[in-house]
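Take a look at the structure set out below.
Counting from 1, the numbers follow the sequence of the chain as shown. From a predicted model like this one, the values you see are computed outputs, not experimental measurements.
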Amino acid sequence: MNSTYSKRERFKSWRARRPFWGATLCILSGLIILWVPAKLYEVAAAPGSILFVGFFLGGLTLLMGVLTFIMPRLSTLLGVLAIFASVLSIMGALGGFLIGTILGIIGGSMLIAWKPEIASKPAEQESKNDNFAEKEVASGKDTLSE
C-alpha cells in the first residue's frame, strides 16, 4: 500500500507542474477531430478531397496537447495554436461534429490561462534573505569586516 501512495503522490506532483486538464482536453479534441476524416476516408477518398486538412488539423490539435505535457512553459503559445487548429478543423473534419472544436477551444483556453507555480516555500525564504542583503547594501551600511 505504501508504494501505491508514493506513486499517487508522484503523479499529483507531476500533474501540479503542468496544465494537465487543458492538455488532456486538447488531446481528446484532436482524437475526436481525427476520427471524422478517418471514417470518411473510405467514402470520400477522391482527388481534390479536403480530408487531408482534417487529418492535418486534428493531428496538430493532438500534437499541441502532447507538447504541452512535455514543455509546460510554452502553454500559452501551444494553447493559441490548439484553438486555431480546432476552429479551422471545421473545414476539413466538420470539427469532430463540433464536439472536437468545442473541446479544443476549452482546452486551449485552459492552456492560455495556466500559470506555472512561481516559487515554493523554501525558495521564498531564500529570496527574503537575499532581499535583506540587497537592502543593506543599498542603504550604504558597511556590515562586512575587512
Side-chain angles (χ1 to χ4, degrees), residues 1-139 144:
M1 182 163 170
N2 195 10
S3 65
T4 305
Y5 180 74
S6 66
K7 287 179 184 177
R8 182 176 294 158
E9 289 299 318
R10 279 193 325 211
F11 177 70
K12 283 183 181 180
S13 170
W14 178 83
R15 188 180 69 184
R17 294 178 307 211
R18 285 163 174 72
F20 181 77
W21 292 111
T24 303
L25 285 177
C26 284
I27 290 172
L28 183 63
S29 168
L31 291 174
I32 291 172
I33 292 170
L34 281 172
W35 182 76
V36 173
K39 291 295 177 185
L40 292 176
Y41 187 71
E42 299 168 354
V43 178
S49 174
I50 61 168
L51 280 179
F52 74 92
V53 174
F55 283 120
F56 175 72
L57 293 172
L60 188 62
T61 307
L62 178 77
L63 183 65
M64 294 303 111
V66 171
L67 285 176
T68 304
F69 279 135
I70 297 169
M71 297 178 286
R73 293 197 179 242
L74 297 177
S75 66
T76 304
L77 173 67
L78 297 174
V80 170
L81 292 175
I83 290 173
F84 282 145
S86 63
V87 169
L88 290 175
S89 71
I90 293 173
M91 290 187 318
L94 302 174
F97 298 118
L98 290 179
I99 296 169
T101 298
I102 292 170
L103 288 177
I105 291 170
I106 293 170
S109 300
M110 290 173 79
L111 292 179
I112 292 170
W114 181 79
K115 298 291 179 218
E117 205 173 285
I118 301 211
S120 61
K121 300 283 185 207
E124 288 177 8
Q125 290 289 28
E126 289 176 14
S127 71
K128 286 180 183 177
N129 292 341
D130 290 341
N131 285 343
F132 179 72
E134 288 173 5
K135 288 178 185 175
E136 252 184 324
V137 169
S139 68
L144 296 174

Could you measure the distance from the [atom1] atom of [X] to the [atom2] atom of [Y]? Nearest 0.5 Å is fine.
X	Y	atom1	atom2	result
Thr101	Ile33	OG1	CD1	5.0 Å
Ile99	Leu94	CD1	CG	11.5 Å
Leu78	Leu63	CG	CG	8.5 Å
Trp21	Ile106	CH2	CD1	13.5 Å
Leu77	Thr68	CG	OG1	9.0 Å
Ile83	Leu88	CD1	CG	11.5 Å

Is there a side-chain contact between [X] and [Y] in this structure, where contact means two heavy atoms from C-beta onward sitting under 4.5 Å apart?
X	Y	answer
Val80	Ile112	yes
Pro19	Pro72	yes
Ser86	Ile105	yes

For the pair Leu31 and Leu62, evaluate side-chain contact (heavy atoms from CB on, under 4.5 Å) and give the outcome as yes or no after the intermediate values.
-> CA-CA 7 Å; Leu31 291 174; Leu62 178 77; 3.9 Å; yes
Does the side-chain contact (heavy atoms from CB on, under 4.5 Å) test come out yes or no for Ser89 and Thr61, once each step is laid out?
-> CA-CA 9 Å; Ser89 71; Thr61 307; 5.7 Å; no
Sequence neighbours excluded, the answer for ring-ring contact (aromatic ring centres under 6.0 Å, His included) partners of Phe55 is none
With sequence neighbours left out, what residues match Phe69 under ring-ring contact (aromatic ring centres under 6.0 Å, His included)?
-> Trp14, Phe20
What do the steps show when you test Leu103 against Ile32 for side-chain contact (heavy atoms from CB on, under 4.5 Å), and what is the final call?
-> CA-CA 9 Å; Leu103 288 177; Ile32 291 172; 3.7 Å; yes
Please find the pair of heavy atoms, one from [X] and one from [Y], that lie closest to each other, and give the distance.
X	Y	result
Gly104	Cys26	O-SG, 4.5 Å
Gly65	Ala23	O-CB, 3.5 Å
Leu60	Ala85	CD2-CB, 3.8 Å

Do Ser29 side-chain atoms and Leu25 backbone N/O form a donor-acceptor pair below 3.5 Å?
->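 Such a contact is absent between Ser29 side chain and Leu25 backbone.
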